[in-house]
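Structure first, commentary second.
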Amino acid sequence: MSNEKAVISGKQFKDMLLGAYHSFEKNFETINDLNVFPVPDGDTGSNMLHTIASVAKAISALPDTATAGEVGSTAARSAIMGARGNSGVILSQLLRGIGKGVAGKKTLTNSEIGKAFQYGILYAYRSVSKPVEGTILSVARGMAKRAYAATRNSITLEEVLNEAIRVGKEELAMTPEKLPVLKAAGVVDAGGQGLICFFEGCLAGLRGEECEALEITTAPKIQAVGTGEPLDLEFPYCTEFIVKEANVTKEEVAAALTGFGNSMIVAVMDDIVKVHIHTKHPGDALNKAQEWGSLHDIKINNMVDEHEEHLFKTEAAPVVKKGLGVLTVAAGEGIAKIMHELGAAEIISGGQSMNPPVEDFVNAIEKGSCEQYIILPNNKNIILAAEQVRKLLGDSKISYVPTTNLAQGLAALLRYDPTKSMIENTAIMTSEAKEAVSGAVTVAVRDSVVNDIVVKKGDYLGLLNDKIVCTGVSIQEVLKKLVEGGDYELISLYYGDNLDEAGASELAEQLEEVNEDWEIEVFYGGQPLYPLLISME
């Protein structure tokens with residue numbers, strides 16, 4: 001782009017945002033691999049990709065004659081509705097700020113779009129109530145300052161973007177010095193790398209070039225202590241599909257697809273099967289699935305569709321909206337059933353590695369039977385999405401309790417009283433959630449060091465109140481470490497997809513042998529990735 005090029009058209013602006021989408025398509029797995037924690041829900045790159053994919057779909061439907069303002073407003077709206085996870089919500093706020101900066105403009109000067117990007121970065125920074133240094137927000141702040149300084153000079157947009165990216169990379173390189181947990185793991189911040197990915201994609205789109213794959217030179221230090229196994233990037237195609245008119249069990253599907261890839265999630269309801277798998281050869285998985293029934297909603301590596309199947313959501317006849325209700329997020333069909341029995345009015349699917357977009361909340365509320373809702377996110381990576389729903393629909397209609405795990409969600413739900421106001425319920429439920437003690441058992445997906453604990457890929461991990469506190473070679477070992485010494489009366493075990501009822505009952509019997517005063521209950525949770533979720537009272 002030459003210095004004489006002083007005007008950016010709506011088409012060029014659209015190409016920039018589509019370039020950002022293609023950049024995330026190419027790099028989201030690399031960004032995921034930067035997540036510090038070894039639990040299998042480090043999905044910063046995936047969440048940002050889902051968010052920008054909603055934007056790509058919406059702006060692709062616009063004609064090339066659309067104004068810059070029209071492109072900006074469409075991008076902002078679709079980003080908010082499609083935002084997933086904390087990183088996705090922050091990215092949506094970046095696009096919201098950009099949208100406001102270009103509002104009402106047919107074309108843009110280099111200075112105007114440069115300032116709009118600066119405005120967007122500031123929106124992203126302000127979207128988090130308690131900014132933490134060493135994260136995406138530190139990178140955003142540095143880029144905002146440089147973009148502002150650059151736009152005051154008579155330079156092209158290419159030069160503005162290059163300057164912002166250069167400074168952003170410098171800020172990103174310093175994140176391990178600002179956040180000790182990054183330094184211990186030997187990585188830079190994943191969200192900050194995602195922000196660089198966005199701007200490099202915009203630059204490539206402006207130039208009409210293909211975006212480059214990210215080069216991550218910082219290696220996890222733990223590899224010298226652990227097995228030294230490289231991160232698994234062997235299966236690059238994120239493949240999703242639905243099989244209808246199927247007569248097959250979830251166990252049969254999982255067994256048939258084992259060996260085709262990893263990160264497999266299978267859900268079966270009546271004659272419908274939904275599969276998510278990362279694979280090297282998508283066609284092989286689809287050919288196998290065709291043996292069970294007809295294939296529908298096939299997605300391979302684009303993740304563009306606005307709507308995903310929600311297995312726990314039932315549609316009722318239209319009714320007059322009345323009163324207050326609870327909208328809760330459930331990670332498995334068993335947990336969804338329990339929450340429904342405890343009085344939740346609306347339930348949507350989500351949890352570890354399955355962060356529902358803002359649009360799902362809005363749709364559930366608009367189709368729901370209540371005038372007001374209290375949202376229980378039940379996952380730390382869904383809280384910002386709940387906050388966005390409150391902002392979109394208003395304080396008078398929406399409130400939320402910042403629950404970060406199943407135990408907090410259940411504790412809050414048990415204190416819900418439909419005879420009390422939304423404000424009263426929110427205060428009581430928030431207080432009760434803070435007192436809940438939660439545990440979880442999962443499997444490490446990478447080598448790491450967390451809280452001075454050396455973690456090796458494949459270890460079982462024990463989480464207490466969302467923090468990794470122990471490791472072991474078996475579920476039994478980790479479970480005992482989690483609960484031993486606790487002054488509990490009741491321990492509830494919720495077993496997931498990869499643990500059956502017999503195995504969960506055996507674990508309960510072993511705990512009773514440790515302390516005969518403990519009352520142990522076993523429930524089917526159905527959650528993926530986490531064999532056990534635990535509530536201790």
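Sequential numbering from 1 along the given sequence is applied to the chain's residues.
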Query - Side-chain (Asn425) to main-chain (Asp417) donor-acceptor, under 3.5 angstrom - result: yes

Report task. Look at the side chain of Asp459 and the backbone N and O of Thr471, then say whether any donor-acceptor pair between them is shorter than 3.5 Å. Result -> no

Requested in this report: Could you tell me whether Glu516 atom CD has more than 12 heavy atoms of other residues or ligands within 6.0 Å of it?
Outcome: no

Query raised in the report: Do the two ring centres, one from Tyr494 and one from Tyr524, sit under 6.0 Å apart?
Result: no

Requested in this report: Please confirm whether the backbone N or O of Gly191 pairs with a side-chain atom of Thr44, one donor and one acceptor, at under 3.5 Å?
Outcome: no

**Report entry** Backbone of Leu172 reached by a side-chain donor or acceptor of Thr175 within 3.5 Å
**Finding:** yes

Report task. State whether a side-chain donor-acceptor pair under 3.5 Å links Ser492 with Ser535. Result -> no

Query raised in the report: Has Glu501 got more than 12 heavy atoms of other residues, nucleotides or ligands less than 6.0 Å from its CD?
Result: no

Query raised in the report: Is it the case that more than 12 heavy atoms not belonging to Lys178 sit under 6.0 Å from its NZ atom?
Result: yes

Query raised in the report: So, does Ser448 use its side chain to make a donor-acceptor pair with the main chain of Val450 at under 3.5 Å?
Result: no

Query - Whether Asn27 side chain and Ser23 backbone form a donor-acceptor pair below 3.5 Å - result: yes

Report task. Using atom types as modelled and distance alone, determine if a side-chain donor or acceptor of Gln527 lies under 3.5 Å from a backbone N or O of Tyr530. Result -> yes

Query - salt_bridge(Lys481, Glu477) N-O dist < 4.0 Å - result: yes

Query raised in the report: Is there a donor-acceptor contact under 3.5 Å from the side chain of Thr430 to the main chain of Thr426?
Result: yes

Requested in this report: Could you tell me whether the side chain of Glu252 and the main chain of Thr249 form a donor-acceptor pair under 3.5 Å?
Outcome: yes

Query raised in the report: For the side chain to side chain contact (heavy atoms under 4.5 Å, CB included) test, which of Val326, Leu376, Val329, Asn378 pairs with Met339?
Result: Asn378

Query raised in the report: Regarding Asn405 and Ser438, is there a side-chain donor-to-acceptor distance under 3.5 Å anywhere?
Result: yes

Requested in this report: Answer yes or no: are there more than 12 heavy-atom neighbours, outside Ile423 itself, under 6.0 Å from its atom CD1?
Outcome: no

Query raised in the report: With distance as the sole criterion, is a donor-acceptor pair present between the side chains of Thr404 and Gln408 under 3.5 Å?
Result: yes

Query raised in the report: Any donor and acceptor pair, going by atom type alone, linking the side chain of Glu424 with main-chain N or O of Ser421 inside 3.5 Å?
Result: yes

